[in-house]
Amino acid sequence: MNKGMTMGGKGRSTRMPGPGRWMGLLLGAILLASPWWAAVDGAAAGPRGAVATVHPEATRAGIEAMKAGGNAVDATVAAALMLGVVDGHNSGLGGGCFILARLADGRALAIDGRETAPALATRDLYLRDGRVDGRLSQHGVLAAGVPGELAALAHLATNFGRLPLAWSLERAARVAEKGFVPGRAYQGRVRATHEELAWAPADAPEFAEFRRIWAMPSGRGRWRLKQPELAATYRSVASGGVQSFYQGPMARRAVDFTSRHGGLMREEDWSGYRPRLRQPVRTTYRGHEIVGFPPPSSGGVHVGQILGMLERLDLRAMGEDSPEMVHVVVEAMKRAFADRALWLGDPDHVRVPQGLLSKDYLDARAAGIDAGRSTDVRGAGEPPSATVDVFESERWRHTTHFSAVDAEGNWVACTATVNTSFGSKVVVPGTGLVLNNEMDDFAAAPGVPNYFGLVGSEANAVAGGKRPLSSMSPTVVLRDGRPVLVVGAAGGPTIISQAVLAIIRVVDFGHGPREALKGRRFHHQWRPDEVVLERSWGPRMAEALRSRGHAVRWVDSLGATQAVGVGVGGTLEAASDPRVEGLGATW
Ligand code: DON
C-alpha cells in the first residue's frame, strides 16, 4: 500500500484521518498485508487529492504524482500516460483527448487534443461504388487521424503542472517494460478485437503488429503483458521532447508505415498538429453552473441542452427512477441528439450555433415534450442566429474518462480515446503505438450511421485537417462558484447521457458521486428511435416505457463514468463506476 493513501471499498467509503493518527496507522498496517488496491475498488474520501480512473494502476500513478509534489494537473497527466500502457485498448498516444479544467484561480480551460483528418482526406474517402464501406473508417490505416493526446497533455503539464512531463512518462514506461497482468476486461477486449479482425487475411501486414503484441496465451495464469517498444517510445519522448514525436522519428515511422499500406497521412500532418484552446461551454441547471467541452465535442452543448430542457420539469416530484422521470429525460435526449445530427461539427470548419443553448430555444424544444407519450421528433430545431452567433474558432473568430482534484482547488476532467477497442488495430511497428480510428466519428455520408449508430450531416463530413465530431463530455459542476463535481464517461454517444444522469442524481436527488454512479442508466440518441435500458431496470420499466410508445432495447451495462465530487458529508469522494474494474482513491 502507498503510505498515506486513503481508500473506500465497494459499497462503503472510508476516510482516513490525517497522517500520524492511530486509526490511520492501524488501517495502514492491515492493508500493508495485501496489495493496496485489493482494499479499494469503489470510492474514497479524503482531503488532499482525489483521482478516479478505470484502472487501479492509473489511479495510483495519479495519486503518486500528487505525493511527489504535483497537483491535480500532474495527476491527470500521470494517469493518462499510465492508461496508455495498462488500458491501451481505450486510449493512448496514438489517440486523442479533451481536457477540461477548473483551476484554483477560477480559470476554466478546455484543451482540445482531438485527432485531425490528414490534409489529403476528402468527403468521399469511405465511399466505394457510391456506398459507405464502414470497414475503411474503422480498421486499417485509413481509419486513423493524426493523434492529439500527447500534444494536449504536454500543453497541460507545461503550463499548469508542477512535475516535468518526463516524470509521468518514465513512471508509465517502467510499467510498460516490466509488464502488468491484464484484467478480465482487458482480456475480453483483446479476444473480441481478434474476432472482429477475422475478415482480414491472417497475414495482413497492417494488423501484424496488433496480432503479435496481443497474442495472449489461452488458459489461466498470471501472464504479464510487456510492451518494451511502447516503453522505448515513452522514453524517447521523455528525452527528445514532444517535438520528437510530432516532427521526428516517430512521425516518420508512422507515416512511412501507413503510406506503404495505402494511408493518407504525411509528415506535415504530424508536424502541423496543434492542440486547440477553446472556450468552455457554460450553462446553468437549477442554480448550478455546468462547464462543459465545446465543439468539436458535442458533449458540452448537449449535456447543457438536455439539462436546460429538464430544468422546467420537476424531476424530484416525479420521483427518482420513476417511469415519468425516465420518459421525460428520454424525450429531452432525443431532441438534443436530433440537433446533434444536423448542427454539430468542427467549429474550425462549420458554424455551430450557440443558439442551441439559448433559453428561449430550449423552451420551444421542451414545449413539445408530452409527459404521457413518446413524441416523434422529426429532426433538428432552428436555433436563433444560427449563422452568426456561432462557437468561436480561430477561423471565425471504446474511450476512458478520468477525474482528478487537489486540495488547492484544481479540478480536472479528461476523456481520452483511440475510439473503438484498439482503434484502427494498426500498431506502428517497433513503437507500440496504437493508431486511433477516430475517422469513423465523421459522417462518412449524410444519414449513414457510424459504428455507434450515430448519423450526421454536412457539418460533420470528412475534410482535410478537420476534427471529427465527438460525444466526449468532460464536465465540471459548480455551486455558488465552487466546484462540487467533476465527471465524464466512456461509451460513445451514451457519454452524454451518462454525464446528464450523474448530474441529475447529484443535483436533483442529492446523491454523492459514488451513489450517483451506482444509479441505473438509460440512453436515447434520436436515431435509432429506441430507449437503451440497462437490464437492472427489469421488465416493469420496459413495460412502462412501451406503454408510452417507446421501443426498448436491453443492454447488460451502459458505459463507464468516473467522478470526483463533494459527498453528502461534505468530504471529497472519488468514485469509479462499479460497472468496471476501476478505482477511486484519495490520500
Ligand atoms: O469521441 C467520441 O465520441 C468517440 N470516439 C468515443 C468512443 C467511445 O467512447 C468508445 N467507448 N466505448
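Keep in mind that what you see is a predicted model, and the values were worked out from it rather than measured. Order of listing sets the numbers, starting from 1, for every ligand and every atom in it.
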R135 to W199 six-membered ring, cation-pi geometry met (6.0 Å, 45°): yes
Ligand 1 atoms in contact with R114 (distance to a heavy atom under 4.0 Å): 1 (O)
Element-labelled atoms of ligand 1 that are located less than 4.0 Å from some non-hydrogen atom of F452: 7 (C), 8 (C), 10 (C)
D339 and R365 ion-paired at < 4.0 Å: yes
Identity and distance of the protein heavy atom lying nearest atom 2 (C) of ligand 1: D441 OD2, 3.2 Å
Charged N-O contact under 4.0 Å between E331 and R335: yes
Side-chain ion pair, R278 and D112, N-O less than 4.0 Å: yes
Residue and atom name of the nearest protein heavy atom (relative to atom 1 (O) of ligand 1), distance in Å to one decimal: S470 OG, 2.6 Å
Minimum-distance protein heavy atom relative to atom 7 (C) of ligand 1: T399 OG1, 2.7 Å
I495: numbered ligand 1 atoms lying under 4.0 Å from its heavy atoms: 9 (O)
N-O pairing of D321 and R505 below 4.0 Å: yes
Protein contact of atom 3 (O) of ligand 1 - nearest heavy atom, named by residue and atom, plus distance: S471 N, 2.7 Å
H401 and T399 side chains, donor-acceptor separation under 3.5 Å: no
Validation row, ring centre H261 to ring centre F207 under 6.0 Å: no
Shortest protein contact, atom 11 (N) of ligand 1 (heavy atom only): H398 CA, 2.5 Å
Contact with ligand 1 for T420, non-hydrogen, under 4.0 angstrom: no
